[in-house]
Amino acid sequence: MEDHETMSFRYTMIGAAVCIFIFYLGLILSLFYFVGGKGFWEALSHPYTLFSIRLSLTAATIATFFAVLIGLPSAYALSRFKFAGKGILDTFLEIPMILSPIALGAAFLVFFNTPLGELIQTKGIFFVFEVPGIVLAQFATIAGLTTRLMKASLDEISPRYEAVARSLGSSPWQTFYRVTLPLSFRGLIASVILSWAKAFGEFGATVTLAGAMPGKTETMPIAIFTALASANIDKAIVLILILVAFGLIILYGVRLTGKRFRYD
Amino acid sequence: MIRIEDLTILFESFKILNLNIQIEEGGFHFLLGPTGSGKTLILESIMGLRKPRSGRIWIGDQEVQDVPPELRGISYVPQDLALFPHLKVRENIIFGIRARNLDMKTYEEYVRVLVGVMKIDHLLERYPAYLSAGEKKRVALLRALAPKPKLLLLDEPLSGLDPSIKIDIQRLLKDLHSSFHPTTLCVTHDFEEVYFLGDEITIFIDGRVEQVGKRDDVFLKPKSKKVAQFLGAKNLYRAKVLKNEGSSQRLILEVNGLQFSIPRGLYQQEMDVEKEVDLFIRPEEVMILREGKFVKDSLKQNIFEGEILDIAGKERYQTVYFQTTSGKILFEISIPNYAFRNLNLSVGKIVSIALRDESLWVMS
């Protein structure tokens, strides 16, 4: 039998958790107040809405791919090796977290007006007010986060496993994909999914660098903003609900991955 | 043969200087040192995971200090075992054979024999998370032995085990070694492990090798007070040389006015009169004399009278704390339980003790 103080402590803590849950649930449920009207179904099947969904999915996937491509080796280096400038490098990963997304987008606009930026745009790929700009903005927002999350997953894996694998005859690369990757897989997948979700919902940097052109650079978050700006509540709600649905599916995916790849 | 020459490792606060170890083919060599003395660092350097400041490592006739770890032919069993949790026991065992691209068919029979010896046939399809501590040790040892390494490195192989399992694994290690003769270097701070398993010992204290030798030589004849203290030696006294009169005479030492007669062969160097030395008297070799019982001539050289101050019982023997009447020197004496019962000892009783020659060792 628990004493009164223990019980009240317990209920205070659980009460706080329930409050958060009710807060978010209430917010989501309030959206359904407008669901079902004629404008709602029209907005759902509108070509621009479908385009926004497709564009958001594609851009977030490409941005996440590049973030993982560079983030995974970087995370490994930060987790396992000592090298000059490691501290500075580690600090720079926080830049997208402390810099407002609009400032990040603005920094890109400034960069593409420098001689190097202009050269990239004229001889390479056009980023400003173009689809690659969306991918670039999303990549810039998530690369640091992806690296940080992956580093945390790799930190959890004892280097002793790698030491044993090396002693048993595995090269560094073989050790990485036979031991390190499978052991940290759960954390890495969760990092990828969360990074993708962050890219999928990115707004500030994207709208600043790529603009908000319907049917061209209008991702879902941007479409929500423009729908609200033009008082198209039905469209805004459709897009918000789709975002919420994707978000919940993703979080569920993270939980499933956690259960599937547990070895302890 | 394994040769480690002048290995120097400087890492954070660790300073390991000029370490030399030589292990005969099929030998079981112990590197014995206090906890936190950098023993694991030494293993990592031998394995190639850490670059030593200087030194040379030979495995057979190949010099390997610049060879990557995967090509050295060394197997390593860390203290935490590091069984790969995502692989079943079977996959863990053959990991080294696969990684080294060895012909599976050639090793199949050998691995089967090892599995039988280790008694883990029924565990092959399990994941490490579902093994007991003893089973994990067996699998880790098997995984290390499966690719027939040129050198097996063991880091505190019996740590963290319940006493009964520890004895099992200790016996298993001994059996494995006598059956398969893997050249083994084992680091530990556990004397019992060393006593049970070791052929040769290197005593390693404060980053330096203090003594190398056969197990019994090191335990019974420590080279210095530092080694004796590390090995938990009781009855260590600072003594002064009183007499040393030629080859036929015994060496006479004095501690607090009490004289000890030491035969030749129990001290290492020339002992000049007045020289200060350390006298070590092994507790298990001290005899408590029974009243009226005949005393052999060989025991008559060192007989002292005194009082029993305390008696502490242990599992297999009793520890008697005895103080000499003259000189007030405190002795710790270990007596097997069966002998203790015949002596009829009690606290406060006045008795005489005799020191066998084998109980004495002088360190300069």
Between Ala146(B), Pro78(B), Ala140(B), the one whose heavy-atom pairs under 4.5 Å with chain A are most numerous: Pro78(B)
- request: Please flag which part of Leu83(B) lies under 4.5 Å from any non-hydrogen atom of chain A: side chain, backbone, both or neither.
  value: backbone
Leu10(B), CG atom: more than 12 neighbouring heavy atoms under 6.0 Å: yes
query: Can you check side chain to side chain contact (heavy atoms under 4.5 Å, CB included) on Val164(A) and Arg143(B), steps first, answer last?
result: CA-CA 10 Å; Val164(A) 170; Arg143(B) 179 180 62 178; 3.3 Å; yes
query: Does anything in residues 59-69 of chain B get under 4.5 Å of chain A by heavy atoms, and if so which residues?
result: Pro68(B), Pro69(B)
message: Does any backbone or side-chain atom of Leu49(B) lie under 4.5 Å from a heavy atom of chain A? Answer side chain, backbone, both or neither.
response: side chain
- prompt: Got a second to check how far Phe84(B)'s CZ is from Arg178(A)'s CZ, nearest 0.5 Å?
  reply: 10.0 Å
statement: Between Ser170(A) and Phe95(B), the two heavy atoms sitting closest are OG-CE2, 3.3 Å
- prompt: Residues of residues 96-121 of chain B under 4.5 Å from chain A (heavy atom pairs)?
  reply: Gly96(B), Ala99(B), Arg100(B)
message: Within this structure, what is the OG-CG distance for the pair Ser167(A) and Leu152(B), rounded to the nearest 0.5 Å?
response: 9.5 Å
- request: Please list all pairs passing the salt bridge (charged side-chain N to carboxylate O under 4.0 Å, His left out) test where one or both residues lie in residues 80-97 of chain A, with sequence neighbours left out.
  value: Arg80(A)-Glu162(A), Lys82(A)-Glu12(B), Asp90(A)-Arg148(A), Glu94(A)-Arg148(A)
- prompt: Is Tyr252(A) atom OH crowded by more than 12 heavy atoms from other residues, nucleotides or ligands, each under 6.0 Å away?
  reply: no
Leu29(A) atom CG, neighbour heavy-atom count above 12 within 6.0 Å: yes
- request: Counting only heavy atoms closer than 4.5 Å, note whether Gln79(B) contacts chain A via side chain, backbone, both or neither.
  value: neither
- request: Check the surroundings of atom NZ in Lys166(B): do more than 12 heavy atoms from other residues, nucleotides or ligands lie under 6.0 Å from it?
  value: yes
- prompt: More than 12 foreign heavy atoms under 6.0 Å from CD of Glu5(A): is that the case here?
  reply: no
Under 3.5 Å, which donor-acceptor pairs do the side chains of residues 22-32 of chain B form with other protein atoms, sequence neighbours left out?
{"residue": "Glu25(B)", "atom": "OE1", "partner": "Met1(B)", "partner atom": "N", "Å": "3.1"}
{"residue": "His29(B)", "atom": "NE2", "partner": "Thr202(B)", "partner atom": "OG1", "Å": "2.6"}

- prompt: Rounded to the nearest 0.5 Å, how far apart are CG of Leu183(A) and CG of Leu87(B)?
  reply: 8.0 Å
message: For Tyr177(A), is the OH atom crowded, meaning more than 12 foreign heavy atoms sit under 6.0 Å from it?
response: yes
- prompt: His86(B) side chain to Ser184(A) main-chain N or O, any donor-acceptor pair under 3.5 Å?
  reply: no
query: Are Glu70(B) and Pro172(A) close enough that some pair of their side-chain heavy atoms sits under 4.5 Å apart?
result: yes
